[in-house]
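Heavy-atom basis, side chains included; hydrogens, waters and symmetry copies ignored. Naming: A, B, ... by sequence-line order, numbering from 1 per chain. The model shown is predicted, which means the values in this text are computed figures rather than measured ones.
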Protein chains: 2
Amino acid sequence: MVSSKRHLFNQPLLRSHILDAARTIVVRQGFDALSMRKLAEVIGYSPASLYLHFASRDAIAHALSVEGHAMLLAELHACDSVADTGARVKAMAHAYVAFGLTHPEVYRLIFMQNAAYADAAFGDPDASGETVLSLFNHALASSGSPAKAETVWAALHGFVSLSVTATRHLPAPADALVDGLLDLCYPGVKKKPARRPSTSRTA
Amino acid sequence: MVSSKRHLFNQPLLRSHILDAARTIVVRQGFDALSMRKLAEVIGYSPASLYLHFASRDAIAHALSVEGHAMLLAELHACDSVADTGARVKAMAHAYVAFGLTHPEVYRLIFMQNAAYADAAFGDPDASGETVLSLFNHALASSGSPAKAETVWAALHGFVSLSVTATRHLPAPADALVDGLLDLCYPGVKKKPARRPSTSRTA
DNA sequence: GTCTATAGGCTGATAGAC
DNA sequence: GTCTATCAGCCTATAGAC
């Protein structure tokens, strides 16, 4: 919920205030509904003020993508404590899907909108920063199946993105699809570990 | 290429002319670039004329989705002649991915834009019309693995859609991912059958 | 830092003449 | 069937006052 207080105490307009409001609009009405005018109205400032903190609407979208990707990484890292490799991958997969289904518009912004936003979220590929794929790569590498990481990630993305844009036509719940996929990769692993200790809600 | 002839012979403005031009715009500049004004200019008529054939821009998008889905089904049906079940599924999977990579903006419109367009493409679910999923269901059912169809479809969708919006971050070619996935489903099938006898080009 | 005002576009859709 | 003209909005972004 974005507060309706208009700069009490003459509080300066901060980047994070803008981003909070922008995230709320995207989450509730989708990325297309994010306009500078609407955003300005929500935070109680004039549209012109936004340009003191962001060069453009696109810059705001980039920032939201970076932020969203970081949230996703945090959810995946919550599975680090699972000891068994197969179970950890399974937990990560479920956490990934859970993130997508819990924050569909954020997920959509990062991975389904525009290649530029995915680029922003993943960062400079030469900077060897952590990404969703690198996490899956790492998790699967230690189980001796490094080559599977892209397949697993892409399949998980398929489950989430079809759930987002075509739920009616994908009858099976995404979690069931995840289990089905991973049973193929790890026929032995059946137990379902604790997952997602903390589920942060957006805005 | 949309012809620049402006109603030679005083030819009446036909639905299909509008759709051809609309498809061209979507294919070349993306769905967001499809505006009634631009479309009207391409076909050499006034914007008002379009409304004699389509109720709205959305109706045009619906029609394009239906058309695109039919094209995709046709590509998949081209694999019907493959005798071996596993090989047929594999051929279908590759044909699916090939369609997505060949017509990314059409694919995007149908499956990545708006649930309403996917609905339009798939048609009334009670009408038991043919869909991408029903085709995979049928192909996989005869091999004794009906439950896998949604997993396979969703995974293929993941390969295509990440290739469309985040190519840079999915290093492996989609075809390799398809093979990897299907090797999990059909460990025995290695041969790569002839596929896609005809590849129709859009516009 | 924040405002008002506005430049300079874009959009979907419709009324009414021919 | 097709046009012109227009309604009634929307948009990003900037100039310049305070």
Side-chain angles (χ1 to χ4, degrees), chain A residues 2-26 28-65 105 109 113-114 116-117 120, chain B residues 2-26 28-65 105 109 113-114 116-117 120:
Chain A
V2 169
S3 69
S4 57
K5 62 187 172 198
R6 338 177 0 118
H7 45 113
L8 297 175
F9 317 113
N10 234 355
Q11 197 178 30
L13 180 57
L14 292 179
R15 243 184 95 98
S16 61
H17 292 165
I18 298 175
L19 281 186
D20 285 348
R23 198 185 319 106
T24 304
I25 292 174
V26 169
R28 291 190 186 161
Q29 307 177 255
F31 176 66
D32 289 349
L34 178 67
S35 75
M36 301 302 263
R37 289 171 132 81
K38 192 182 290 185
L39 178 49
E41 194 187 12
V42 167
I43 62 176
Y45 285 80
S46 77
S49 301
L50 301 173
Y51 292 91
L52 297 172
H53 300 269
F54 291 94
S56 64
R57 182 186 108 117
D58 223 51
I60 295 177
H62 276 244
L64 284 181
S65 295
E105 292 300 337
L109 174 65
Q113 198 83 36
N114 189 320
Y117 301 154
Chain B
V2 169
S3 69
S4 56
K5 61 187 172 197
R6 338 176 1 118
H7 44 113
L8 298 175
F9 315 115
N10 233 354
Q11 198 178 28
L13 179 56
L14 293 178
R15 243 184 94 96
S16 62
H17 293 165
I18 298 175
L19 281 186
D20 284 348
R23 197 185 322 105
T24 303
I25 293 174
V26 169
R28 291 191 185 160
Q29 306 178 256
F31 175 66
D32 289 349
L34 178 67
S35 76
M36 300 303 264
R37 289 171 133 84
K38 192 183 290 184
L39 179 49
E41 194 189 11
V42 168
I43 61 176
Y45 285 81
S46 76
S49 301
L50 300 174
Y51 291 92
L52 297 172
H53 299 269
F54 291 96
S56 64
R57 184 186 107 116
D58 223 52
I60 295 177
H62 276 245
L64 284 180
S65 295
E105 292 300 338
L109 174 65
Q113 198 84 35
N114 188 320
Y117 301 154

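Across the protein-nucleic acid pair, A:L52 atom CG and D:dA15 atom C1' stand 13 Å apart, rounded to whole Å. Computed from coordinates, the A:L39 CG to D:dA13 C1' distance equals 14 Å when rounded to whole Å. Put simply, CG on A:D32 is 15 Å from P on C:dT11, counting in whole angstrom units. Atom pair B:H17:NE2 and D:dT2:C1' shows a separation of 16 Å (rounding to whole Å applied). One can place CD1 of A:I25 at 14 Å from C1' of D:dC11, the figure rounded to the nearest angstrom. In this entry the distance linking CG of A:L50 with C1' of C:dC3 reads 13 Å, nearest Å.
Residues meeting the ring-ring contact (aromatic ring centres under 6.0 Å, His included) test with A:F54, sequence neighbours left out: none. For B:S35, the side-chain hydrogen bond (donor to acceptor under 3.5 Å, both in side chains) test picks out no residue, with sequence neighbours left out.
For B:S46, taking side-chain heavy atoms from C-beta onward, the closest of the listed nucleotides C:dC3, D:dG1, D:dT4 is D:dT4.
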Where along nucleotides 12-18 of chain C does protein come under 4.0 Å, by heavy atom, of base (B) or sugar-phosphate alone (S), with - for untouched nucleotides? BBBB---

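If you take CD1 on A:I43 and CG on A:L50, they are separated by 5.0 Å, rounding to the nearest 0.5 Å. The line from CZ of B:F31 to CG of B:L64 is 8.0 Å long, rounded to the nearest 0.5 Å.
Across A:A33 and A:K38, no two heavy atoms sit closer than the pair O-NZ, 3.3 Å.
Heavy atoms from other residues, nucleotides or ligands lying under 6.0 Å from CD of A:Q29 number more than 12.
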